[in-house]
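The chains referred to below are lettered A, B, ... by the order of the sequence lines, with proteins before strands, and numbering in each begins at 1. Keep in mind that the numbers below use all heavy atoms, side chains included, and drop hydrogens, waters and symmetry copies.
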Protein chains: 2
Amino acid sequence: MENKRDIFHLLTRRFGLLDKNCCSVGNFDISLVQSHILYEIDKQFEPSMQQVAETLAMDITTFSRQIQTLVKMDLVKKTPSTQDKRVSILSLTAEGKFVATTIDLSMNAYLDEVFSHMNEFERETVIRSIKLLNEAMSKSSVCCKPLY
Amino acid sequence: MENKRDIFHLLTRRFGLLDKNCCSVGNFDISLVQSHILYEIDKQFEPSMQQVAETLAMDITTFSRQIQTLVKMDLVKKTPSTQDKRVSILSLTAEGKFVATTIDLSMNAYLDEVFSHMNEFERETVIRSIKLLNEAMSKSSVCCKPLY
DNA sequence: TTTTTTACTTGCAAATTACAACTATTAATT
DNA sequence: AATTAATAGTTGTAATTTGCAAGTAAAAAA
């Protein structure tokens, strides 16, 4: 476990697995991508389809169809923009908000559990490190433009 | 950016994007799952199908077909075990090894670039933190058994 | 006014997925 | 030793997901 990629790979795969497991809320059986879509709509302010698709680095056609599914499931609402009739503004329905919040809570509960295996100093160091890493990644020229 | 999930989400999504982009090597156009399969075969010692499928938390039938594809692409070799005729031992071909190594190099190069935006102290702290996190996650009871 | 660009949607066709049901082999039970 | 159960892996089939190409409609640029 010397090389950087290995430790990152392990970390992100584990988080990814969690992410994958945590997607069934009540009656709603959500896929991983769908949970990510809900997450982004919740995060962003009145986003358009393009905006969300871009942050998720998804093909707009695939995204369009996923949104159709989520609208059918009554988790997402599509409102035509008044300023630009081409764009659709995305928002969460009450249920969508509920699902997103529930997933968020369970993810955070899991992370709290993980952090409970550390002492206070370690906890703070680790959180600070992740933030540092995120900053460094956003400065990086190599990859992954979408994410802000 | 207060909540733990948010910072982890951002980190893992960025790493995931990188992972996704870095999968074309020479003539080989590899999908993300396929790259993960190559990674695990490379990592583990003479693994069986089951073993790799389990670490990747993949359905064995899906895995079986992915392996068929990789064998056709001449990246993976399947050798029947002599001790148990039911099991197939997986290994990388020379090309498979080349692809895996190339991906590994480019991922590490990217990570080096990311770490170049930090000073030596930060670098060490961050690496140590990720390792700490991995340990804590492996202790966790909540999730993600497969990964060792 | 015409042309170009942008936002999004549909028609495909390929790839990915997983459940059920299968074969073949090994381990456990009687 | 013979039967039964469990394990490793493969296919049938059907649903879902994906992305390119080509489309519509609206806005911006020429």
Side-chain angles (χ1 to χ4, degrees), chain A residues 13 16-17 19-21 23-24 28-38 40-41 44-73 75-91 146, chain B residues 13 16-17 19-21 23-24 27-41 44-73 75-91 146:
Chain A
R13 270 209 54 82
L17 279 182
D19 224 3
K20 209 170 166 185
N21 294 335
C23 296
S24 301
F28 300 100
D29 219 356
I30 302 291
S31 77
L32 182 60
V33 254
Q34 287 168 349
S35 122
H36 283 176
I37 292 174
L38 296 184
E40 288 302 333
I41 296 178
Q44 297 180 28
F45 177 70
E46 298 185 354
S48 70
M49 306 259 299
Q50 290 287 347
Q51 278 165 23
V52 180
E54 205 198 330
T55 26
L56 292 174
M58 280 179 75
D59 187 282
I60 186 69
T61 71
T62 305
F63 185 77
S64 172
R65 280 185 248 256
Q66 286 287 4
I67 291 294
Q68 285 169 29
T69 308
L70 289 168
V71 168
K72 266 185 214 136
M73 294 168 95
L75 298 175
V76 167
K77 209 175 76 176
K78 243 167 69 179
T79 316
S81 164
T82 48
Q83 292 136 48
D84 186 335
K85 288 176 189 163
R86 292 169 304 176
V87 332
S88 293
I89 301 298
L90 299 173
S91 58
Chain B
R13 271 210 53 83
L17 279 182
D19 223 5
K20 210 170 165 184
N21 294 335
C23 295
S24 302
N27 284 328
F28 301 100
D29 220 356
I30 301 294
S31 78
L32 183 58
V33 254
Q34 288 167 350
S35 122
H36 284 175
I37 292 173
L38 296 186
Y39 178 86
E40 288 302 332
I41 296 177
Q44 298 182 26
F45 177 70
E46 298 184 355
S48 71
M49 306 258 300
Q50 291 286 348
Q51 279 166 21
V52 180
E54 206 199 330
T55 27
L56 293 174
M58 280 180 74
D59 187 282
I60 187 68
T61 69
T62 306
F63 185 77
S64 173
R65 280 185 246 255
Q66 286 287 2
I67 291 294
Q68 285 169 29
T69 308
L70 290 169
V71 168
K72 266 185 214 133
M73 294 168 96
L75 296 175
V76 167
K77 208 176 76 176
K78 244 167 67 181
T79 315
S81 162
T82 48
Q83 292 136 47
D84 186 334
K85 287 176 191 165
R86 291 170 304 178
V87 334
S88 292
I89 300 299
L90 298 174
S91 58

(message) Let me spell it out: for each of Thr61(B) and Thr69(B), pick the nucleotide of DNA chain C with the closest heavy atom. Which residue's pick is nearer the 5' end?
(response) Thr69(B)
(request) Take the protein atom CG of Asp29(A) and the nucleotide atom C1' of dA15(D), then report the distance between them rounded to whole Å. (result) 14 Å
(request) Could you check how far CG of Leu32(B) sits from C1' of dT18(D), rounded to whole Å? (result) 14 Å
(request) Evaluate the side-chain proximity of Leu90(B) to Lys78(B): yes if any heavy-atom separation is below 4.5 Å, no if none is. (result) yes
(request) Starting from C1' on dG12(D), measure out to CD1 on Ile60(B) and report it in whole angstrom. (result) 17 Å
(message) Are Ile41(B) and Leu70(B) packed together at the side-chain level, in the sense that at least one heavy-atom pair is separated by less than 4.5 angstrom?
(response) no
(message) What I want to check is whether the side chains of Gln44(B) and Glu40(B) have a donor and an acceptor closer together than 3.5 Å.
(response) yes
(request) Could you state the atom-to-atom distance from NZ of Lys85(A) to C1' of dA26(D) in whole Å? (result) 8 Å
(message) Please report the interatomic distance CZ(Arg13(B)) to OG1(Thr55(A)), rounded to the nearest 0.5 Å.
(response) 8.0 Å
(request) Identify whether any heavy atom of Ser88(A) sits under 4.0 Å from a base atom; if not, whether one sits that close to sugar-phosphate; answer base, sugar-phosphate or nothing. (result) sugar-phosphate
(message) Let me spell it out: for each of Ile89(B) and Arg65(A), pick the nucleotide of DNA chain D with the closest heavy atom. Which residue's pick is nearer the 5' end?
(response) Ile89(B)
(message) For chain A and DNA chain C, what are the first and last nucleotides along the strand, 5' to 3', with at least one atom under 4.0 angstrom from a heavy atom of the protein chain?
(response) dT6(C) to dC12(C)
(request) Return the value, rounded to whole Å, for the distance between atom CG of Leu56(A) and atom P of dT18(D). (result) 11 Å
(message) For dA27(D) and Gln83(A) - does any side-chain N or O of the residue sit under 4.0 Å from the phosphate oxygens OP1/OP2?
(response) no
(request) List in chain and number order the residues that pass side chain to side chain donor-acceptor pair (under 3.5 Å) with Gln51(B), two or more places apart in sequence or in another chain; answer none if no residue qualifies. (result) none
(request) Tell me which nucleotide among dT17(D), dG9(D), dG19(D) gets nearest to the side chain of Met49(B). (result) dG9(D)
(message) Please report the distance, rounded to the nearest Å, between CD in Glu54(B) and P in dG9(D).
(response) 12 Å
(request) Could you check how far CG of Asp59(A) sits from P of dT16(D), rounded to whole Å? (result) 20 Å
(request) Could you grab the distance from atom CD of Gln66(A) to atom CD1 of Ile37(A), nearest 0.5 Å is fine? (result) 5.0 Å
(request) Report yes if some heavy atom in the side chain of Met58(B) is under 4.5 Å from a heavy atom in the side chain of Val52(B); otherwise report no. (result) no
(message) How many whole angstroms separate atom CZ of Phe63(B) from atom P of dT11(D)?
(response) 15 Å
(message) On DNA chain D, compare the nucleotides closest to Gln66(A) and Thr82(A); which residue's is nearer the 5' end?
(response) Gln66(A)
